[in-house]
Visitor: 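I'd like to ask you about the structure that follows.
Below, each value reflects all heavy atoms present in this structure, side chains not excepted, and no hydrogens, waters or symmetry copies. Convention: sequence-line order gives letters A, B, ...; per-chain numbering from 1.
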2 protein chains.
Amino acid sequence: MTTRRDAVHDTLRRSEGFRSAQDVYAEMRLHGAKIGLTTVYRALQALADKGAVDVLRTDEGESVYRACATDTHHHHLVCRRCGHTVEVAGPTVERWAEAVGSEHGFTEITHTVEVFGTCASCSAPAG
Amino acid sequence: MTTRRDAVHDTLRRSEGFRSAQDVYAEMRLHGAKIGLTTVYRALQALADKGAVDVLRTDEGESVYRACATDTHHHHLVCRRCGHTVEVAGPTVERWAEAVGSEHGFTEITHTVEVFGTCASCSAPAG
DNA sequence: CGCATTTTGACAACCGTTTTCATTTCGACG
DNA sequence: CGTCGAAATGAAAACGGTTGTCAAAATGCG
């Protein structure tokens, strides 16, 4: 019985950037879906466990989710003004993380990388 | 009147890894300091604003603070088992972040990088 | 000392998230 | 089709870290 979970996943797929659980919940309700906040949280967690969605934490500590566009490991370049997000693949940073890790005797290395900046449109003089 | 703030800073300096605000608060109370949790939070925020402490978010969304050992930009390699932390400098990743950013027209690029792994002692067979 | 300003801290409010628990739904079996 | 048990659901309460409120205390200044 994963109808709700699928609905959550669909909602996420139809969204563009990262969405918070409450966001997803609000949108589903708007579209008339009968679903509870609890279920949205549970669906999102399950989806994240499966690796079907990306999860990251905002600076405010809120978890935001996004349906994976690609199944390959990637990072995000986020505009701090408008939130515009670009997925970036970074073999360089992957290797770097591996290198610094093993250099210090660490194994099973994972890493989180978020790059922030001001995108072209937002840094345009007209602002 | 920054006695409290200094006290918070000192407490952080005497600590080894990253400490949460509540942690710092608890320790200060243990040592007999008369200080409120609110003040610890405010001091920590002020310190972070000044750049006197590192801040990062745990997976649980808790903010943890650490007195900066160095004043140069660096990242952290954290053992997911024991929490052991190594400061790593990464010219490679700095350049990479700059590169992917400007490649997409982003300016004023900043980045957060956390590398996780299992450290040598924790991955030892004896466990 | 008297007064304005800043800092402090106990406590309540907030907010996102998780837990609880009673109800509903689904699947299996007869 | 009816019944039972397991799993899913969701409303509401609990939780936990953080922030806001506001009155009291400390500080600076004349």
Visitor: Output the single nucleotide from C:dA10, D:dT18, C:dT8 whose closest atom is nearest the side chain of B:Arg4.
Guide: C:dT8
Visitor: For B:Glu103, enumerate each residue passing the side chain to side chain contact (heavy atoms under 4.5 Å, CB included) test, keeping only those at least two apart in sequence or located in another chain.
Guide: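 For B:Glu103 there are no side chain to side chain contact (heavy atoms under 4.5 Å, CB included) partners, ignoring immediate neighbours.
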Visitor: Partners of B:Ser15 by side-chain hydrogen bond (donor to acceptor under 3.5 Å, both in side chains), sequence neighbours excluded?
Guide: B:Arg19
Visitor: To the nearest Å, give me how far apart CZ (A:Arg5) and P (D:dT9) are.
Guide: 8 Å
Visitor: Determine which pairs satisfy ring-ring contact (aromatic ring centres under 6.0 Å, His included) with at least one residue from residues 13-60 of chain A, sequence neighbours left out, and list them in order.
Guide: A:Phe18-A:His76
Visitor: Among residues 39-47 of chain B, which contact DNA chain C at a heavy-atom distance under 4.0 Å?
Guide: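 By residue number: B:Thr39, B:Arg42.
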Visitor: According to side-chain hydrogen bond (donor to acceptor under 3.5 Å, both in side chains), who are the partners of B:Gln45, at least two apart in sequence or on a separate chain?
Guide: none
Visitor: Taking DNA chain C as the partner, which of residues 22-33 of chain B come within under 4.0 angstrom of it by heavy atom?
Guide: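 The answer is none.
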Visitor: By side chain to side chain contact (heavy atoms under 4.5 Å, CB included), which residues pair with B:Lys50, not counting sequence neighbours?
Guide: B:Arg5, B:Leu47, B:Ala52
Visitor: CG of B:Leu37 versus P of D:dT18: gap in Å, rounded?
Guide: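 In whole Å, D:dT18 P lies 9 Å from B:Leu37 CG.
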Visitor: Starting from P on C:dT18, measure out to CG on A:Asp49 and report it in whole angstrom.
Guide: 11 Å
Visitor: Contact class for B:Ser63 vs. all strands (heavy atom < 4.0 Å): base, sugar-phosphate, or nothing?
Guide: sugar-phosphate
Visitor: Excluding sequence neighbours, so at least two apart, what forms side chain to side chain contact (heavy atoms under 4.5 Å, CB included) with A:Thr39?
Guide: A:Arg4, A:Ile35, A:Arg42
Visitor: Just the rounded figure in Å: distance from C1' of D:dC15 to CD of B:Glu62.
Guide: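 Atom-to-atom, B:Glu62 to D:dC15, this comes out as 13 Å.
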Visitor: Within the distance-only criterion (no hydrogens, no angle test), does the side chain of A:Ser102 pair as donor or acceptor with the backbone N or O of A:Gly105 below 3.5 angstrom?
Guide: no
Visitor: Could you tell me which residues satisfy side chain to side chain contact (heavy atoms under 4.5 Å, CB included) with A:Ala99, sequence neighbours excluded, listed by chain and number?
Guide: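 Side chain to side chain contact (heavy atoms under 4.5 Å, CB included) check on A:Ala99 returns nothing, list empty.
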